[in-house]
Structures are given as structure tokens and as C-alpha cells.
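Notes follow the structure.
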Amino acid sequence: MKLDVSPRSARGRRSGVLLAIVVLVLLAGSGLAVSQVVQRQVDEAAGHEIRDRTEALRAATSAEVQRYATALSLSAAGLAAADRPTYDAFATATAPLHDMDLAGATSIVFIAAPVLEQDVAAQQRYWRALGSTDLVLEPSPDLGTHVFAVFSDPLDGAASRRTGIDVAAAPAPYAALTEAARSGDVALSEPYVLIIDQSLPPEERQTSFSMTAPVLRPGPDGDRLIGWVLLGIRGQDFMGGVLLEAAQDAVDVELLASGDTSTGALVDVAGVLSTATGERDLRRTTTLPAAQRTWTLEVTANADALVGTGSYLPRIVLGGALLVALLLAGLTWMLASGRARARAQVRRATRDLVEAEAEARRQAGLLTAVLDSIGDGVAMVDEDGAFLIHNPAAKELLGVEDIERPEEWQQHYGLFTTAGEPFPQAELPLMRALGGESTDEVEMVVRNRARPDGVHIAVSGRPLDAAGQRGAVAVFRDVTIDREQRAELAAFAGVVAHDLKHPLTVIIGFLELIALEAGAASEPPSAHLDRVEHYTDRALSSARRMDELISDLLDYTTARDAGFALTELDLGALAHEVLEEQLARAWEGEPPVVHVGALPSVMGDRVRLRQVFANILGNAIKYTAPGQVPRVEVTAVTSDDAVTVLFSDRGIEIPRDQRAAIFTPFHRAHTQGYSGTGLGLAICHRVVTRHGGTLTVHDNPGGGSVFEMTLPRGRTPKPRPRGDQPAAIASRMPSAPTSAP
């Protein structure tokens, strides 16, 4: 073998080495610069992430405080509307609080207006006469004015009521009472240990506070303070669950409130810790209003855990750049130091590559122009799930950069079902298309850091096998506006119903009082009193009719959109409970004969299924021919995957041509002599359908009808998120009086 030792060959080798070194330096420097840019982007992404999570935590905390404040304000308004502040009026006004799942709430208390030392005994007799029969007032010494808790109902399962306590001796809650009376609105106390918790061991005590609302009654000289409604709340129980859900195990959260005003020190109210390891090198602090106070929210996180695998991207980029630089430098040296024939082959190959690249660019440009002009999103992946095409409309809808790992699509893009749950990976349209299955208009929600409010999209997927390329293609479009319009209509119905219910309740209450006064006259009623009673009866009938219609409209709306509280539900016990309520009223003739057979248990929402039983049993009893004793039989047939409940009656048969229409709103098969709104069976149909079941009706042999309700046993309905429900509208509270009564 003869070596080439000519000067030209030596110069070629030296030139090849120098060129390889230049390529290596340039590419390594470029890789270092790119890795630094990527590192800055990762740092910015971590900052955006902790900012977004902090805002989400702030919004969730504020919403929970407002929910409690609104509930307390409505209870105070209900008690103020009562004729006298009796215990029964207090229990009625605060009854909704028992069903609202108020986490951390210990008890609801009515605190009477301030009294002087010499009036304590008279006050004790007065409140005993109004329903607090066992009340014993315990005035604290050395106080000229006392403020006593006279009515109390526990909310934490405690057996005893907490009355007789002199709240004036407790600085924190007393200051909150004073602020509520001054502002006429809900007030929150400084953090302290509840009186009922002071006997607990120190490790079991929680930082707590009191939320109070003034009970103001309008008078000729302005609003008069008759007392306060006070809610005791344990901080960690109150906010721990909200913070845990909003933090999503990604950040550490600490909720702080001002304690001693003289020092400005902050006191822990509640907090959660994530399971992430490493140093908490990200921190963000914000404030939020809490019933005339300001709380502080501190959020910390580990940047690597928060951003995920993206934190290693700068190092990967740098390593890849160095590897590419070494490979290209070696290739450059090999090409530069080759013989002329090799250089000629490279030149020919380069020319062919340039021509092929130009043709590919032309085809790609044509395809890009077509895809860019399409308003719907288009995405195409290969058989491994790597994206081949993603047009601008698709990127705009998804909001975040692409990812090549199909198993991470749901988490990376933030794909959820319309019920708010993570969308199952195997059910994604692209995944189903990769498996050879076509899909049409599959609705889902995209919610990520670029789309924090969520975008509703409808996705269609198709398998792809063309020109040797296997994979899948998906087309999706934005349907957010359509869903928002439907949700807006539902929210409007809910708000209107709630706003009309309160004045109707007040009207009915006062009309009942007028009726009682007119009917209690000791002398024979005059013609004037006869007219009063007649008008009162008609007003009561109309008001109750409107109240029934509004209640049914609200039930009809919430039967479709409200969330479900799923439990293991004994249908037999539920049927007997509804039956006792139906039979409790007075009957002119013989009472109905109702037989309830053995009914199984199912997974369902107790409140909604109770509506179904009440409506169907009530109709079976009501729609019976005059003079005939209502007879109803409730039985069940079970199988491995379903439960069928049969409601058989001997009442008026439903015409065959109206059996489907009776489940639509406002349709009534029988109108002569029978009252109703025409919404009861529509509500039943919605509730059963949302449970995954069916509701039908057919003839009962021998006369009457049979309503057949089938509920699944093998799966449970998926409830909507609580945040989807319409928000209550709070009314402005009147200003506080200048002095106590």
C-alpha cells in the first residue's frame, strides 16, 4: 500500500483538521447558547406555574369564605324576617346550614343584643319564654355590658347546645360582633382558640375564628339590631380540604391571618404540604379579602418537581449539541481529508439532496398553506404517537407545546371530561384511531397553564394508512361558546328561582298571619272580615302555586346540572320515608293503601332519588278517581347489572298517545280537577337518566298504570364539579344602628 505524502495531501489533511476544529467550536458554542436560552425558558415556566397555582389557591380560598359568608347572611336575613326571634324561627332560618357541608363549622349560635348588668335576670326570663327553656346566663364579672348566646345548634355532631356564654368576655369574637354591628355586614374575628376547644389537649387544638352576621330589623327610626348569628369555625378543618384540592400535591401552602394587631404577627390558619422532595426554591405570597379582613397566602415549591422533566431539558440540549458537534466535526474531517473522487461524490450527493429538499419544501409549503387556512384544528401522528402535523388552529386551541409521548398527552395538554375528571388515556380519539377505531364529535375540556379557564372542544378521529405511513388524524373545533350559552341559561333559571323564593316565603308567612288573625275573632265575622278571609285565601293559593312552580323549575334545572352526592342508598328505607311523609297529612276519606316490597340498595344521590319516589308515589295517590281508595304497590326486580323498581297503581290510566309526552316539561295528561305544574315527571326522567337508567310507563292489567324505573348496578353516575353550580347573589346588608336597643 502506497501512502500519499504529497504536499497537496498534507495540506488537505491540515485543512481538514482545522475545519473540523472550527465546526466543533461553532457547534459547541451554539449548543451552549441554546441550553442557556432553554434554561431561562424553564425558569420562566416555573415562575408562571407557581403564579398560576397561587391564583388558583387564592380564588378557591376566597370562594369558600364567600360561600360561608353568604350562607350566614341569608340565615340572619331569614331570622330578621320572623315575627319574633324565637328558637323555632332561629331553627328555621339556620336549617339550610345543616345541609351545606360546612367543613370545620362547630355550631351556629344566636347572640342577643347587649344588656346591662341589672337586666340579666329579665333577659334570662325573656329568652326562656322564646324557646331557650334551659337557658342559664353566666355573666362575666367586672363587665358593665354583657352579650349572651341564647340559641345554639351544633354543626359538628356534638350533643349539647352551647348557650348562656357571655361573649363580651372573649375579645376576638366580641370584636367581630362589634364590627358586624358597625358595618351591617358579615365580619370575621382574629384567630383564637374556640371556647369549646380550650379544654382539648394542646396538640388537638386548631387555630379558629368566628364569622358573624348582624340580625337587623327595619324600624321607623332605621334598622334595629336584635342580635347576631355567629358561626364557630376551626381553621384547618375549614380550609384544609380546599387547599389540598387546589394545590394538587404540587406546592406547599400556608394560609395566614393577622393575630396580635399591636405586633402585626401572622398566625397559621391552615396549610398543606406536598409530597415533593428537594429544596423549596420558589416562593410566592399574595393576600385575599376574608369578610372585612385580609389573609395572607404563602405558596412554596421545588422548581424541578413543579416543572417536571422539563427542568432537565437544558442539560439534555447541551449534551445533544456537544454530541452532534463531535459527530459533525468528525464527519467534516473525514470529508475534507478524502480524495477528489470522494469530494466529487459528496458534491453530487449534496446537489441531489438540495434538489430533493427544494421539492420537499415546495410540497410542505403547499400542505402548510392548506392547513393554515383551515379554522379547525388538525393533528396527525405516526403509529408511535409522534406528531407529524399540527396546524396553527390546533396549537392555538391546545395552548402548549407538543409532546411526543402519548402516555403523557392527558396530563401535558390538560385534557378532561366535561364532568371535570381526567380524560381516560385509552378513550382519547387519537388513541382510539391508532387502534383502528373512528370517532365523531367527542367532547372534552382543555385546561392547562395557557388555558386556565378551560376550552371545550369536539374531536373526531380517523385511522391513517396511506403512502406507507401508518398513524391517525384528528380534527377538533372549539365548542366553548355553545356550552357557555347553555350554562348561562341554566344559571339564569337558578338565580331567578332563588331570588323569587325569598319574597314568596315572606309573603306566605305574613298572609298566614293575616288568616290566623281574621279567623281568631271571638265575635261573628263581619262582611269586611269575610272579604279579608276570601282575599287572603286567594292570595295564599296564588303564592303557594307560584312557590310550587318555582321549586319545580329549580328542581328541573338542578336535576340536569347539579352535582351528585353518591352514597350506598337503601331504596326500601327511602320508599318508607317518602311514604310516611305522604300519609302524614289529613285525608277526607279512607287513607291510601300502599304496599312496599323488598327493595335493594344502589349507588345514587339520596336527595335526587327521593324526589323521584316522592313525585311518582304522590302522582299515584293523587290521580285516583273520586270516591276510590288509592292503592299503590312498590316492588323490585334485580339482576346482575340492573335494578328495576315498579310503581303499580289503580288510578286514572294515562292515554296511550301521551305516555312519552308526560316526561316532557309542563305536559299534564289530566288537568280537570287535579293541580300540578307538569314538571314532576320531567324532573324524575332527568334524575333517572343522569343515573344511567331509564323511566317508562305502561298499563296496569285491571286498571291503572305501572311506572318502571331501571337503575344500573354495575357502574355509578359521574357527578358534575361543585364549581359548575350557579353562584348565589348576595344582597347588600343595611347599616348598623348607632346604639343598642
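Values below: every heavy atom of this structure, side chains too, minus hydrogens, waters and symmetry copies. Numbers for residues simply follow the sequence, beginning at 1.
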Who passes salt bridge (charged side-chain N to carboxylate O under 4.0 Å, His left out) against [X], sequence neighbours left out?
X: E55; answer: none
X: E437; answer: R432
X: R462; answer: D440
X: E401; answer: R449

Heavy-atom pair of closest approach, residues [X] and [Y]:
X: A247; Y: R53; answer: O-NH1, 3.6 Å
X: V643; Y: V602; answer: CG2-CG1, 3.9 Å
X: A46; Y: A303; answer: CB-CB, 4.4 Å
X: I50; Y: V299; answer: CD1-O, 3.8 Å
X: H456; Y: D478; answer: O-OD1, 3.1 Å
X: A301; Y: V251; answer: CB-CG1, 3.6 Å

Inter-residue atom distance [X].[atom1] - [Y].[atom2], 0.5 Å rounding:
X: R610; Y: D605; atom1: CZ; atom2: CG; result: 12.5 Å
X: D101; Y: R67; atom1: CG; atom2: CZ; result: 6.5 Å
X: D376; Y: L397; atom1: CG; atom2: CG; result: 8.5 Å
X: M444; Y: F423; atom1: CE; atom2: CZ; result: 4.0 Å
X: E708; Y: T696; atom1: CD; atom2: OG1; result: 4.5 Å
X: L430; Y: S460; atom1: CG; atom2: OG; result: 11.0 Å

| field | Sidechain N-carboxylate O distance under 4.0 Å for R477, E441 | value | yes

Go through the structure and list residues passing side-chain contact (heavy atoms from CB on, under 4.5 Å) with [X], not counting sequence neighbours.
X: S601; value: E568, D570
X: E254; value: L256, D268, E298
X: D237; value: Q206, R234

[X] versus [Y]: any side-chain heavy-atom pair under 4.5 Å?
X: V687; Y: L609; answer: yes
X: L434; Y: M431; answer: yes
X: D640; Y: R713; answer: no
X: P289; Y: V65; answer: no

| Residues which pass ring-ring contact (aromatic ring centres under 6.0 Å, His included) with F238, listed by chain and number, not counting sequence neighbours | Y68, F209

Of all residues at least two apart in sequence or in a different chain, which pass the side-chain hydrogen bond (donor to acceptor under 3.5 Å, both in side chains) check with [X]?
X: T644; answer: T710
X: E396; answer: R451
X: S639; answer: D641

| Check against salt bridge (Lys or Arg N to Asp or Glu O under 4.0 Å), E44 and R40 | CA-CA 6 Å; E44 291 176 0; R40 286 196 297 270; over 6 Å; no

Is [X] reaching over with its side chain to a backbone N or O of [Y], donor-acceptor style, under 3.5 angstrom?
X: N448; Y: H412; value: no
X: T286; Y: L297; value: no
X: N302; Y: E279; value: yes

| V455 vs V445, side chain to side chain contact (heavy atoms under 4.5 Å, CB included): CA-CA, chis, key distance, verdict | CA-CA 5 Å; V455 178; V445 178; over 6 Å; no

| query | Is the count of non-hydrogen atoms from other residues, nucleotides or ligands lying under 6.0 Å from Q425 atom CD greater than 12? | reply | yes

| request: For atom CD of E407, decide whether the heavy atoms of other residues, nucleotides or ligands shown that lie under 6.0 angstrom number more than 12. | output: yes

| task | Apply side chain to side chain contact (heavy atoms under 4.5 Å, CB included) to the pair M603 and L711, showing each step before the final yes or no. | result | CA-CA 9 Å; M603 286 296 295; L711 297 173; over 6 Å; no

Could you pull out every donor-acceptor pair under 3.5 Å between side chains of residues 378-386 and any protein atom, sequence neighbours left out?
| from | atom 1 | to | atom 2 | distance (Å) |
| --- | --- | --- | --- | --- |
| D382 | OD1 | D384 | N | 3.0 |
| D382 | OD1 | G385 | N | 3.0 |
| D382 | OD1 | A386 | N | 2.8 |

| Using 30° and 60° as the class limits, which term best fits the ring planes of Y413 and F387: parallel, tilted or perpendicular? | perpendicular

